[in-house]
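Quantities reported herein were computed from a predicted structural model and do not represent experimental measurements. Protein chains get the first letters and strands the later ones, always in sequence-line order, with residue 1 at the start of each.
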Amino acid sequence: MSIQKTEKYDLPKAYEFSEIEQRWYERWLSEKSFRARTDDGRPSFSIVIPPPNVTGVLHIGHALNNTLQDVLVRYHRMKGDNTLWVPGTDHAGIATQNVVERQLAGEKLSRHDLGREAFIERVWAWKEEKGGTIINQLKRLGASCDWDRERFTMDEGLSRAVREVFVRLYKEGLIYKGDYIVNWCPRCHTALADDEVEHDPTEGKLYHIRYPYADGSGYVVVATTRPETMLGDTAVAVHPEDERYQHLKSVGISLPLTGRVVPVVFDHHVQREFGTGALKVTPAHDRDDYEIGLRHDLPRLKVMDDLGVMNEAAGVYAGLDRFACRRIVVADLEAQGLIDKIEDYQHAVGKCYRCATVVEPTTSKQWFVSVKPLAAKAVAAVEEGRIKLYPNTWYRTFYAWMENIRDWCISRQIWWGHRIPAWTCEECRKLIVEVEAPDVCPDCGSTRLNQESDVLDTWFSSALWPFSTLGWPEQTRELAVFYPTSVLITSFDILFFWVARMMMMGLHIMNEVPFHDVYLHALVRDKYGKKMSKSTGNVIDPLVMIEQYGTDAFRFTLTAFAAQGREIRMDEERIDGYRRFINKLWNAARFAQMHLKEADPGITELAAEPKGLSLAHRWILSRLSTTIAGVREALDNYNFNDVASISYQFVWHEFCDWYLEWIKSDLFSEELTRRDEAKAVLLTVMEQVLKLMHPVIPFVTEEIWSQLPGRRDSIMRASFPETVEQWTDTRAETTMNLLMDVISGLRTIRTEAEVHPSANIEAMLICPDEEQRRILEQYADGIRSMVRAASLRIEASGVVPDDAGHGLVQGVELVVPLKGMIDVAGELEKLAREQVKLQKELERVVGKLSNAQFINNAPEAVVAKERDKETEIRTRLAKTAESMERLSKLR
RNA sequence: GGGCGAAUAGCUCAGCUGGGAGAGCAUCGGCCUUACAAGCCGAGGGUCACAGGUUCGAUCCCUGUUUCGCCCACCA
């Protein structure tokens, strides 16, 4: 490869992405190209970003999520819609608090050393300093968010929205404070929602303990995995129809270690088959026991405090950590001979999704949202099609989940977050719930008011995101233009955490859906289908990929992988493959640029009405039109992978492989009109392709676009391609298909006979069909140059010489005389295989055609197709036999 | 236990409402042919998991089985 060649062109030989990406992104920013438009009369298109945690760093899931959003946003912006993409971050209560607490721990401090206010200041300081990481990383990805509208869930405006909603729901009776059993994380000091608890299968023990009857007449064996909770037992439960225990009706149980006497209750919840069929009941420390306790009016005895340490109610065990207590309780029971047996036991243990500490179910006062009435509105909106889910496999899951929904515990015992806007009057105990802090108690006038110390679940503010980011509760122009948003793009794992709650809040507060469509994309896994995790070491870091392969290649890969499935197996090799594609496009542009440099951009008008143009031009324009239609349809239906594959196929295998090769002779021609026509169509196709692909690969398309002839504004402001009716030309496509088949067929003959690629051949085409013959004659020069043929004879009939390479496409016989170059044995073998295949196929077709049922029931067109097939197979069989006969003579 | 999803070429995956199996990568052969060797031209490779059923016709619809994955609930 020579350096001299390169000098002829203005573009470097290989696409160098890093400088180009940086340069263009800065320019887009400085030109405010991402700014939302609110022109009257245009359709609007809006997306709110799923706000990443402010503590977050860009992982591959974000990369996928935001690439898909950017693809849609850029598409709609080019279509001329009023397009808005709102960026922002989530304050991520526990996660952020943990980060800062870790920082403090490094200074040997806890948050309690600082106190609440100082700690929160410290978190804000951290946010100002480090919180922007993921935003900058999104910029590397090319995200075209309207950055001037960046929001944070703890911003003043959004916090106001949170309080407004809280107060409204409270006053409507949809928020209440209640005693409830919650999942308590003793490390994070907070209650966790059910879906914040992860259940890992864990090896544990199942302890079978003897509970003596109060009258000393015997004992019943109960089984538990958490023996320390027995200190809080307030009953033993058995199934009402369990014959084994009918006699217990009048017997009390003397609880070991404490000597308390507890009753036996009869409850259908108890599984007779499990263990002994007797269940110890600890209403204060077990979800199911809590329910049993309610049904039988049992006392709730809390034996642990918020740190997981046994409290005074645990008597002599007070002050022990729950796990230490477990060991000692077991030892004590053993000493008294009350352990029946201890088994190894695998069970699911609930763990905190943030810190993996074993969760302790416990009772406490918490705030709740009554979600049933809200859920009903969401379900109705989905049922009525006001919100559509893509892929549609999610409907069932959605409905099932919404039916079983339980009240939402929204209070969290941490400091970082929206503090609950409720105050208790120290004098008269009145609970005051207001948007702004009250000065005095409205009932007694006392100024001794204490605000709730709990903050709200982070998802509470996220649920308001689609309207809080647009300025609610103010009635802003943004709300008027952009709410409801067009589509929400997110990962399916937060369908219920977040998506469903946005539906509820949007419908209830705004009286309108928050978005029309929900596109749920897959989870990205490694190439073996494993979850990516730091500990497994299989993480693919988007920023590393961007540096290695370029943002465009990376984005194209994510788009290509985004089929409507549930998982994506990311393989780095694919990224490299698409990097080559970007390079291919780049080189096609170099080639175009070499010819178009001096061209007047106005020449594209020649392509507007292609009737008079030569075949290849009409063909590529027709294919382009189909491609545009395909890409638009795919984009409109969120079939992102189709967007990628349709454009890939067109650019590489039609535009580059065939069109560019075919028009070289035109571009180098002495005839001015031939040259101009070629330039006109070449430029047209280049422009359309760049615009078509810009949403997916913004950088390379902008760079090439800027190099094309003429003074050019950013491609971002160019209009998205539309199909052009005049371009559709099925005749040109059929004709071109014939030529391509003939050319490929002749090339195959060359290759199989091992003719050197630079050697010329003589070729003959036997073509009985007059129309086809006319076409072949017309384009004989093109065929000759594409297959390196010194001569090309086209005949209506003829005899195939014995020592000729032979092929058959679309009824045309391809003949290449090859003296002594044919691998006779090899060819014969191949033909024999072919023959077997054809015969099998023929049998099938004939069988079908002789079936009266088929003839009568199948559509006309299908039957006709089968008939054609039969004729074709018979011809091919005959030609195969002829070829075999010919070759046999050469042996 | 309940629900959902997947099973198609060596690998990663497409295949819309049933009518002759596709792509990319990998493999094999040949080429520095004037945009691209990060390339070009060719080739091989699949009982569409298995068993039934519906149908003139099933990769596609139905039933069951197997394997894998996920979600929900957790029998203490």
task = Heavy atoms only: give me the nearest A:Thr557-A:Ile575 pair and the separation to one decimal.
result = OG1-CA, 3.4 Å
key: From B:rC36, B:rA76, B:rA14, nucleotide with atom closest to A:Asp642 side chain   = B:rA14
ask   = Looking at the side chain of A:Phe591, which of B:rA38, B:rA35, B:rG20 is the nearest nucleotide?
value = B:rA35
ask   = So what does A:Asn583 hit on the nucleic acid, given a heavy-atom distance under 4.0 Å: a base, only sugar-phosphate, or nothing?
value = base
inquiry  = List the residues meeting ring-ring contact (aromatic ring centres under 6.0 Å, His included) with A:Trp662, not counting sequence neighbours, and say none if there are none.
reply    = none
message = Should the side chain of A:Lys13 and the base of B:rC36 be counted as holding a donor-acceptor pair, with the cut-off at 3.5 Å?
response = no
remark   = On a heavy-atom basis, the closest approach of A:Ala588 and A:Phe655 is CB-CE2, 4.2 Å
key: Pair A:Arg555 + A:Asp552, salt bridge at N-O below 4.0 Å   = no
remark   = Any strand, both distances under 3.5 Å, Watson-Crick or G-U wobble: B:rC40 pairs with B:rG30
ask   = Base, sugar-phosphate, or nothing: which does A:Leu523 touch, judged by heavy atoms less than 4.0 Å apart?
value = nothing
remark   = To the nearest angstrom, the CD-P distance between A:Glu343 and B:rC75 comes to 17 Å
key: Sub-4.0 Å heavy-atom contacts from residues 220-237 of chain A onto RNA chain B, ordered by number   = A:Ala223, A:Thr224, A:Thr225
key: Watson-Crick or G-U wobble mate for B:rA58, both contacts under 3.5 Å   = none
ask   = So which heavy atom on A:Thr362 is nearest to which on A:His285, and how close?
value = OG1-CE1, 3.6 Å
request  = Take atom CD of A:Gln853 and atom P of B:rG57, then tell me their distance rounded to the nearest Å.
outcome  = 8 Å
query = If you look only at pairs with a residue in residues 639-649 of chain A, which of them pass as a side-chain hydrogen bond (donor to acceptor under 3.5 Å, both in side chains), with sequence neighbours excluded?
reply = A:Gln564-A:Asn639
ask   = Can we say A:Arg322 and A:Glu228 salt-bridge, meaning some charged N sits less than 4.0 Å from an Asp/Glu carboxylate O?
value = no
inquiry  = What is the distance, to the nearest angstrom, from the CZ atom on A:Arg874 to the C1' atom on B:rG20?
reply    = 17 Å
key: N-O pairing of A:Arg876 and A:Glu872 below 4.0 Å   = yes
A:Pro283 backbone acceptor or donor facing A:Arg300 side chain under 3.5 Å = no
Euclidean distance, atom NE2 of residue A:His756 to atom P of B:rC31 [Å, nearest integer] = 6 Å
Between P of B:rC75 and NE2 of A:His239, the distance in whole Å = 14 Å
ask   = Is it true that A:Asp666 and A:Arg675 make a salt bridge, defined as a side-chain N closer than 4.0 Å to a carboxylate O?
value = no
Nucleotide N/O to protein N/O under 3.5 Å, stretch nucleotides 25-27 of chain B:
residue	atom	partner	partner atom	Å
B:rC25	O2'	A:Glu573	OE1	3.3

inquiry  = Looking at A:Glu633, I'd like to know if its CD atom is crowded, meaning that more than 12 non-hydrogen atoms belonging to other residues, nucleotides or ligands lie closer than 6.0 Å.
reply    = no
ask   = Taking the same atom, C1', in B:rC13 and in B:rG29, what whole-Å distance lies between them?
value = 27 Å
ask   = On a whole-Å scale, what distance lies between the C1' atoms belonging to B:rG46 and B:rA14?
value = 15 Å
note = The Watson-Crick or G-U wobble partner of B:rU12, with both key distances under 3.5 Å, is B:rA23
ask   = Expressed in angstrom and rounded to an integer, what is the separation of A:Met402 atom CE from B:rG3 atom C1'?
value = 17 Å
ask   = Is the backbone N or O of A:Thr229 less than 3.5 Å from a side-chain atom of A:Arg326, with the two atoms forming a donor-acceptor pair by type?
value = no
request  = Determine the Euclidean distance between corresponding P atoms of B:rG57 and B:rG10; express it in Å to zero decimal places.
outcome  = 30 Å
query = What is the nucleic acid contact for A:Phe561, judged by heavy atoms within less than 4.0 Å: base, sugar-phosphate only, or nothing?
reply = sugar-phosphate
Note: A:Glu360-A:Arg226 ion pair, threshold 4.0 Å (strictly below) = yes
request  = Provide the distance between the two P atoms, one in B:rC61 and one in B:rC25, to the nearest whole Å.
outcome  = 30 Å
note = Pairing partner of B:rC50, by Watson-Crick or G-U wobble and under 3.5 Å for both distances, is B:rG64
Lys/Arg cation over aromatic A:Phe561: A:Arg574, 6.0 Å, 45° cone = yes
inquiry  = Please report the distance separating the C1' of B:rU34 from the corresponding atom of B:rG39, rounded so that it comes out in whole Å.
reply    = 14 Å
Could you pull out the protein-nucleic contacts involving nucleotides 41-45 of chain B (nitrogen or oxygen on both sides, under 3.5 Å)?
residue	atom	partner	partner atom	Å
B:rC41	O3'	A:Arg747	NH1	3.3
B:rG42	OP1	A:Ser744	OG	3.4
B:rG42	OP1	A:Arg747	NH1	3.3
B:rG42	O3'	A:Thr748	OG1	3.3

request  = Sort out the partner of B:rG69 for me: Watson-Crick or G-U wobble, both distances under 3.5 Å, none otherwise.
outcome  = B:rC4
task = Starting from C1' on B:rA6, measure out to CH2 on A:Trp394 and report it in whole angstrom.
result = 13 Å
task = Please answer whether the main-chain N or O of A:Ser758 pairs with a side-chain N or O of A:His756 as donor and acceptor at a distance below 3.5 Å.
result = yes
B:rA37 versus B:rC68 - spacing of their C1' atoms, nearest Å = 41 Å
Write out a two-atom table: protein N or O, nucleotide N or O from nucleotides 15-19 of chain B, distance below 3.5 Å.
none

request  = May I ask you to establish whether A:Lys341 and A:Tyr207 are in a cation-pi arrangement, using a distance under 6.0 Å from NZ or CZ to the six-membered ring centre and at most 45° from the ring axis?
outcome  = no
key: P gap between B:rA43 and B:rA35, integer Å   = 25 Å
request  = Answer with base, sugar-phosphate or nothing: what part of the nucleic acid does A:Arg579 contact at a heavy-atom distance below 4.0 Å?
outcome  = base
request  = Pick base, sugar-phosphate or nothing for A:Asp288, based on heavy-atom distances below 4.0 Å to the nucleic acid.
outcome  = sugar-phosphate
inquiry  = Mind checking if A:His653 touches a base, just sugar-phosphate, or nothing, with heavy atoms under 4.0 Å?
reply    = sugar-phosphate
task = Just call it for A:Lys280: base, sugar-phosphate, or nothing, with non-hydrogen atoms closer than 4.0 Å on any strand.
result = nothing
key: Which residue lies more 5' along RNA chain B, comparing A:Tyr578 with A:Asp289 via nearest heavy atoms   = A:Tyr578
remark   = Nearest-nucleotide check on RNA chain B, A:Gln649 vs A:Ile855; residue mapping nearer the 5' end is A:Gln649
inquiry  = Without decimals, in angstroms, what is the distance between A:Asn587 CG and B:rA35 P?
reply    = 10 Å
ask   = What do the steps show when you test A:Arg844 against A:Glu841 for salt bridge (charged side-chain N to carboxylate O under 4.0 Å, His left out), and what is the final call?
value = CA-CA 5 Å; A:Arg844 213 178 56 81; A:Glu841 186 69 11; 3.6 Å; yes
key: Between B:rU17 and B:rA49 - C1' atom distance, rounded Å   = 25 Å
